[in-house]
Amino acid sequence: AQKITQTQPGMFVQEKEAVTLDCTYDTSDQSYGLFWYKQPSSGEMIFLIYQGSYDEQNATEGRYSLNFQKARKSANLVISASQLGDSAMYFCAMRERGGQNFVFGPGTRLSVLP
Amino acid sequence: NAGVTQTPKFQVLKTGQSMTLQCAQDMNHEYMSWYRQDPGMGLRLIHYSVGAGITDQGEVPNGYNVSRSTTEDFPLRLLSAAPSQTSVYFCASRMGQGFTGELFFGEGSRLTVL
């Protein structure tokens, strides 16, 4: 069963505006980690941000922040002040404490418009 | 540091041929894994290893073989290539302990099976 859902196959945002990429997850584990990765057109996978299930504050890394709503099982990525270089595929992933592996969502393709 | 190194970056095979995708990491990571990426499906786990001499199947293991004789290397073998194995393959590694560490990815290998 798919554990990570990203409902937005594609998104557009105007340069300098903020954008939210949705991610919902399913787990019965109380301890887990949530990760976001960026994949530009060059193909490499770039780690952006991490949120632990017990972290009380939402994670932030520069222009990236994670809107973590544990009760709703959502971990949305917020990119502030979008730049043209933010155009890429974005993947949400989860690793449960009881498991060895990461599970990835299908991804959201973000296009930043000048 | 080189991180995770995959070779080759591109490969074209004919149906029925065999080949090996090489993966090496220099971070002394216990955990290594292979994913395939197909449009609209995110990354799906093929095989993984939690240490030298230990391997296990992921979500889509059929048609692939792995071994882990050293901590550094984790090759992926295609035994008899099929067009359905046309994909982009990623090797990834992480530290073995806890669930907070992110995956470190290689640059990917694009395989086409004719």
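Sequence lines set the chain letters: A, B, ... in the order given, protein chains first and strands last, and positions in each chain run from 1.
Interface residue B:Gln37: only side-chain heavy atoms are found under 4.5 Å from chain A. Residue contact with chain A, scored on non-hydrogen atoms closer than 4.5 Å, involves the backbone and the side chain of B:Leu103 alike.
Crowding of A:Gln8 atom CD: a count of heavy atoms from other residues, nucleotides or ligands under 6.0 Å exceeding 12. In the displayed structure, B:Arg44 atom CZ is contacted under 6.0 Å by more than 12 heavy atoms of other residues, nucleotides or ligands. When the shell of 6.0 Å around NZ of A:Lys16 is examined, it contains 12 or fewer heavy atoms from other residues, nucleotides or ligands.
A distance of 11.5 Å separates CD1 in A:Ile46 from CZ in B:Phe105, rounded to the nearest 0.5 Å. Rounded to the nearest 0.5 angstrom, A:Gln39 CD and B:Leu43 CG are separated by 7.0 Å. Atom CZ of B:Arg94 is separated from atom CZ of A:Arg95 by 3.5 Å, given to the nearest 0.5 angstrom. Atom CD of B:Glu102 sits about 7.0 Å away from atom CZ of A:Phe35, to the nearest 0.5 Å.
Nearest heavy-atom pair across A:Pro106 and B:Gly40 is CB-O, 3.6 Å. Of all heavy-atom pairs between B:Phe90 and A:Met45, the closest is CE2-CG, 4.0 Å.
B:Val50 and B:Met32 fall into different hydrophobic clusters, defined by Ile, Leu, Val, Met, Phe, Trp and Tyr side-chain heavy atoms under 4.5 Å apart, directly or through other members. Using a 4.5 Å cut-off between side-chain heavy atoms of Ile, Leu, Val, Met, Phe, Trp and Tyr, with links allowed through other members, B:Met19 and B:Val88 fall into different hydrophobic clusters.
Scored by the ring-ring contact (aromatic ring centres under 6.0 Å, His included) test, B:Tyr35 finds A:Phe104 as partners (sequence neighbours excluded).
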